[in-house]
Amino acid sequence: MDTNTNLTRALLAALQAHGAREIFGLPGDFILPFFIEAEETGTLPLYTLSHEPGVGFAADSAARYGGGIGVAAVTYGAGALNLVNPVAAAYAEKVPLVVISGAPGARERAGGLLLHHQVRSLDSQLTMFREITCDQAVLDDAATAPGLIARVLARCVRESRPVYLELPRDMARVPCAPVPVLADPMYDRAAVAACVREVTARLRAAARPVLVVGIELRRLGLEEPAARLARQLDIPVVTTVMGRGLLAGRNVPLLGTYLGGAGDPLVADAVEEADALLMLGVLPTDTNFAVADGRIDAAHTLMATEGQVYLDHHVYPAIPLGALLEGLLDSGLRALAPGAEPPGRHCPCDLHADGAPVWPLDIARGINDMLATHGRMPIVSDMGDCFFTALDIEDADLLAPGYYATMGYGVPAGLGLQARTGERPVILVGDGAFQMTGWELGHCRRHGWDPIVIVFNNAGWGMLRSFEPDACFNELGDWHLAAMAAGLGGDGVRVRTRAELAQALQHAATTRGRFQMIEVMLPLGAQSDTLARFVAAARRRNGMC
Ligand SMILES: Cc1ncc(Cc2csc(CCOP(=O)(O)OP(=O)(O)O)c2C)c(N)n1
């Protein structure tokens, strides 16, 4: 046994071998030994944040955007249970996230007392995490720990879902063998070949084929082969809402994002009139397809998701997406139909820098102008009208919980992205969501993070006003957020007109080293066109007209 390796060091090495590049965390007594080992070894940079939801969202975005796996390390009970929502979001949106929770040691478990942070039984936490992770292990035996860690981390990567590791505090420094890296399981090559033959036959016979790309392509590191296939097939390419930003900048004939009746009619027509809709890595969620209102004919879809391929009322049960892509690329299938020319910038014109009040589409136009002038930057959006506005930003990567739709994601996810890649993000967040996790900006100073943060301030929960315009419970009042930026270590400016917005964006883009907050005061009732169409479609669908 490698005597200079203890369980924590073996775990850290295994995390790194499986694609972790940092740890986000918030310590407590049950996980202090792990944090001490992590800090002493420096195997992975350790970033602490102020609230566990922020820890989880930061780890999520590091994996979602940077690839590999994200790691969130927290204490038992109060810490880990604060992490439930971000882990649930990662499960729903297929993000490979590793939760490491401290836990009581053997002697205190056997002591007969109710322990601090304990809920019901000492295993209640593990029970709760079983529901939002694809695999779990309690590392209470050094003999079995390496094999358990190897199994759990392999599933995290293969299934692109969160996993849970519970580390009793009396185990952190126990001598332990290194963790093996398990080989990928074999798959049936004959089944893949049969599936490829059937898919290519359907595509050859089609007059109006369309390729729809979804988030599994990014989660499984398959964007480049998918882009090669898109160029080889030379057919129109569309992303789902969750897949917005996929294949950006990869010279692919991207038509846009499918939003059904709530989006670009050119895109909706292409998808709904297609006679072969090849969907790669697409999750069949309501945010992706409810807007279709039944206008997509299932008989025309060929769906590869969750390791299976569904077409013509039958299923190929075990077709890894990477193997399918490889088979389609090798099939020689090409130039099926002249790809629709990717449209010009979606926003018909640049931001008018005049004295008019700012509406959401003006923010999208201003960001498009900024990216065109200063170069591409990843967009990270919280949930609210800022998310629907983000759909009007062209040719940019977009990170957002577009399906699970939790608030609080934007700011910590932007910090996690910059921690992982060093790239400067543009963060879009409503005033309501900022009140949840926006304060994590206070950590930028000590880590040198400097995102551009655009706060959509309508003094309330604007999306909910769309559904209940007369309710008073949606009002939040004006929190004057830009005035708080300096105390958090950044620069803040409040803007009301389009000219002020244009100037603020130009200043933010050319100021580095401190986060730049632009608090946009939106007129009451200001709403993006996309949100308005989504709300109308939802009302029709749910009979709320
Ligand atoms: C963790 C969580 N709790 C509640 C909700 C429910 C909700 C969805 S949208 C929304 C209002 C968002 O207000 P904000 O000011 O951020 O943005 P805007 O609408 O553009 O004004 C709420 C409360 C969700 N999605 N997540």
Side-chain angles (χ1 to χ4, degrees), residues 51-58 60-61 81-93 132 241-242 262 285-287 290 357-364 367 379-393 399-414 427-441 453-469 471-482 484 494 517-535 538-539 542 544:
H51 195 200
E52 286 85 359
V55 168
F57 292 137
D60 171 301
S61 78
L81 299 187
N82 251 349
L83 203 60
V84 167
N85 185 47
V87 175
Y91 189 93
E93 303 207 2
I132 54 175
V241 169
M242 288 180 70
T285 66
D286 60 352
T287 45
V358 179
W359 278 60
L361 186 55
D362 296 316
I363 298 174
I367 294 171
I379 308 296
V380 180
S381 179
D382 214 299
M383 282 319 291
D385 201 8
C386 56
F387 170 69
F388 296 94
T389 303
L391 300 179
D392 280 320
I393 297 171
L399 268 72
Y403 161 48
Y404 182 73
T406 179
M407 290 162 69
Y409 184 83
V411 167
I427 298 170
L428 310 183
V429 58
D431 56 314
F434 188 95
Q435 292 164 17
M436 291 184 175
T437 57
W439 315 109
E440 299 290 1
L441 286 172
V453 184
I454 299 174
V455 180
F456 291 50
N457 192 340
N458 51 22
W461 292 317
M463 261 191 72
L464 302 190
R465 281 190 193 128
S466 307
F467 292 97
E468 297 297 342
C472 297
F473 53 70
N474 288 322
E475 304 313 309
L476 294 172
D478 182 353
W479 283 37
H480 296 275
L481 297 169
M484 300 187 211
R494 168 171 280 205
M517 184 198 295
I518 301 173
E519 181 184 25
V520 181
M521 303 311 290
L522 296 167
L524 193 58
Q527 185 180 66
S528 70
D529 296 344
T530 307
L531 174 58
R533 291 192 294 263
F534 251 88
V535 168
R539 286 183 178 281
N542 304 329
M544 294 165 60

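In each ligand, atom 1 is the first atom listed, and ligand 1 is the first ligand listed.
- When only non-hydrogen protein atoms are considered, atom 13 (O) of ligand 1 lies nearest to Trp461 CD1, 3.2 Å.
- Counting atoms of ligand 1 from 1 in the listed order, those under 4.0 Å from a heavy atom of Ala405 are 24 (C), 25 (N).
- Contact analysis leaves Gly408 out of contact with ligand 1, as no non-hydrogen atom separation drops below 4.0 angstrom.
- For ligand 1, the atoms closer than 4.0 angstrom to any heavy atom of Gly432 are 14 (P), 15 (O), 16 (O).
- Among the atoms of Asp385, some N or O lies under 3.5 angstrom from an N or O of ligand 1.
- An N or O contact shorter than 3.5 Å links Met463 to ligand 1 by distance.
- Atoms of ligand 1 lying under 4.0 Å from any heavy atom of Gly384, numbered from 1 in the order shown and given with element: 17 (O), 19 (O), 20 (O).
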### Worked verdict on Val453 versus Leu441 for side chain to side chain contact (heavy atoms under 4.5 Å, CB included)
CA-CA 9 Å; Val453 184; Leu441 286 172; 3.9 Å; yes
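- Here the CZ atom belonging to Phe434 is positioned 12.5 Å from the SG atom belonging to Cys386, to the nearest 0.5 angstrom.
- Atom CD1 in Ile363 sits 5.0 Å away from atom CG in Leu522 (nearest 0.5 Å).
- With hydrogens and angles ignored, the 3.5 Å screen pairs a side-chain donor or acceptor of Asp431 with a backbone N or O of Gly460.
- Using cut-offs of 30° and 60° on the angle between ring planes, the pair Tyr409 and Phe57 is perpendicular.
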### Task
Would you sort out whether Gln435 and Leu476 count as a side chain to side chain contact (heavy atoms under 4.5 Å, CB included), showing the intermediate values?
CA-CA 10 Å; Gln435 292 164 17; Leu476 294 172; 3.8 Å; yes
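- Using a 4.0 Å cut-off between a side-chain N of Lys or Arg and a carboxylate O of Asp or Glu, Asp385 and Arg465 do not qualify as a salt bridge.
- Looking at Phe456 next to ligand 1, no N or O pair under 3.5 Å apart turns up.
- Considering only non-hydrogen protein atoms, atom 18 (P) of ligand 1 sits nearest to Gly462 N, 3.6 Å.
- Listed by number with element, the atoms of ligand 1 under 4.0 Å from a non-hydrogen atom of Thr406 are 1 (C), 26 (N).
- Heavy-atom distances between Gly460 and ligand 1 reach below 4.0 Å in at least one pair.
- Heavy-atom contacts of Gly430 reach the following atoms of ligand 1: 14 (P), 15 (O), 16 (O), 17 (O) (cutoff under 4.0 Å).
- The shortest non-hydrogen separation linking Met242 to Tyr403 is SD-CB, 3.2 Å.
- Contacts between Leu464 and ligand 1 below 4.0 angstrom, taking non-hydrogen atoms only, involve the side chain exclusively.
- Protein heavy atom nearest atom 23 (C) of ligand 1, with residue, atom name and distance: Met407 SD, 3.3 Å.
- Using modelled atom types, one side-chain atom of Asp382 and one backbone atom of Gly408 make a donor-acceptor pair closer than 3.5 Å.
- For a threshold of 3.5 Å applied to N or O pairs, the pair formed by Ala433 and ligand 1 contains at least one separation below that value.
- Contact record, Arg494 with Ala482: N-CB, 3.9 Å, taken as the closest heavy-atom pair.
- Annotation: Asp431 places an N or O atom under 3.5 Å from an N or O atom of ligand 1; distance criterion only.
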